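Some notes on the structure that comes next.
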Amino acid sequence: MPDLRARLVGGFISLIALGSGAFAEGIPEARTAELEHMLIQDCGSCHGLTMKGGLGSPLTPDALDGADADTLAYIILEGVPGTAMPSWRPLLSESEALWIAQYLLKSEHQE
Ligand code: HEC
């Protein structure tokens, strides 16, 4: 049933487009791809490849339940003094940190 498959794939792609358009405003798509890569490579080294935690605390939507995106963005930018959580200010703008915070709070990207 190649037809059905094509429709499923098409539906999936429009879902992704919808999903990212809603919260990635102002950040070019090429940059959001880099941010996702960074989350896995850099954040993942402490928080786990699937954000379930490791040296760093779990960052799944469940674990962050109720957290406020602005607060998370602030933590990402400033780090947590006295812990292994570094400041990402040299690498991220405020809107990028907010994008990451909102990304972490969304459950759709989770497998
Ligand atoms: C070197 C290890 C390390 C790396 C790399 C790292 N973190 Fe962390 N992170 C931590 C630790 C440890 C904590 C817990 C700090 C504490 O005890 O409050 C933390 C806490 C956090 C929190 C707060 C979680 C909460 O429940 O309040 C967020 C959000 C966060 N990190 C996001 C990120 C993001 C996004 C990246 C990548 C850009 C990243 N971290 C990279 C170690 C790391």
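All figures in this text were calculated on a predicted structure; none of them were measured in a lab. Numbers here are sequence positions counted from 1. For ligands, and for the atoms within them, numbers begin at 1 and follow the listed sequence. Heavy-atom basis, side chains included; hydrogens, waters and symmetry copies ignored.
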Original post:
Backbone, side chain, both or neither: what part of Pro86 comes under 4.0 angstrom of ligand 1, heavy atoms only?
Top reply: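 Looking at Pro86 and ligand 1, just side chain atoms fall under 4.0 Å.
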
May I ask you to list the atoms of ligand 1 that are less than 4.0 angstrom from any heavy atom of [X]?
{"X": "Leu55", "value": "12 (C)"}
{"X": "Leu59", "value": "22 (C), 24 (C), 28 (C), 29 (C), 30 (C), 32 (C), 33 (C)"}
{"X": "Thr83", "value": "15 (C), 16 (C), 17 (O)"}
{"X": "Asp42", "value": "5 (C)"}
{"X": "Cys46", "value": "1 (C), 2 (C), 3 (C), 4 (C), 5 (C), 42 (C), 43 (C)"}
{"X": "Leu64", "value": "26 (O)"}
{"X": "Ile76", "value": "32 (C), 35 (C)"}

**OP:** Could you confirm whether Met85 has any N/O/S atom lying under 2.8 Å from atom 8 (Fe) of ligand 1?
**Re:**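 Here the distance criterion (N, O or S atom, under 2.8 Å) is met by Met85, so yes.
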
**OP:** Confirm or rule out an N/O/S atom of His47, from backbone or side chain, lying less than 2.8 Å from atom 8 (Fe) of ligand 1.
**Re:**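 True for His47.
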
Determine whether [X] and [Y] make a side-chain contact, defined as any pair of heavy atoms from C-beta on separated by less than 4.5 Å.
{"X": "Leu72", "Y": "Leu59", "result": "no"}
{"X": "Met51", "Y": "Pro58", "result": "no"}
{"X": "Glu34", "Y": "Glu29", "result": "no"}
{"X": "Pro61", "Y": "Leu105", "result": "no"}
{"X": "Tyr74", "Y": "Glu94", "result": "no"}

For [atom], closest protein heavy-atom neighbour:
{"atom": "atom 14 (C) of ligand 1", "result": "Ser57 OG, 3.7 Å"}
{"atom": "atom 41 (C) of ligand 1", "result": "Trp88 CZ2, 3.4 Å"}
{"atom": "atom 27 (O) of ligand 1", "result": "Ile75 CD1, 3.9 Å"}
{"atom": "atom 37 (C) of ligand 1", "result": "Cys43 SG, 1.9 Å"}

Original post:
Roughly how far apart are Asp42 CG and Trp88 CH2, rounded to 0.5 Å?
Top reply: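 It comes to 4.5 Å.
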
Subject >> Trace of the side chain to side chain contact (heavy atoms under 4.5 Å, CB included) decision for Leu104 with Thr60 >> reply: CA-CA 6 Å; Leu104 290 170; Thr60 57; over 6 Å; no

Subject >> Worked check of side chain to side chain contact (heavy atoms under 4.5 Å, CB included) between Glu96 and Met38 >> reply: CA-CA 11 Å; Glu96 287 167 353; Met38 181 180 180; over 6 Å; no

**OP:** Give the cluster check for Leu91 versus Ile40: same hydrophobic cluster or not, with ILVMFWY residues linked at side-chain heavy-atom distances below 4.5 Å.
**Re:**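 Different clusters.
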
**OP:** Tell me, with the steps shown, if Leu35 and Trp99 meet side chain to side chain contact (heavy atoms under 4.5 Å, CB included).
**Re:** CA-CA 9 Å; Leu35 295 177; Trp99 183 88; 3.5 Å; yes

Subject >> Proximal candidate to atom 18 (O) of ligand 1 [heavy atom criterion; set Leu104, Ile100, Val80] >> reply: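 Ranked by closest heavy atom to atom 18 (O) of ligand 1, first place is Val80.
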
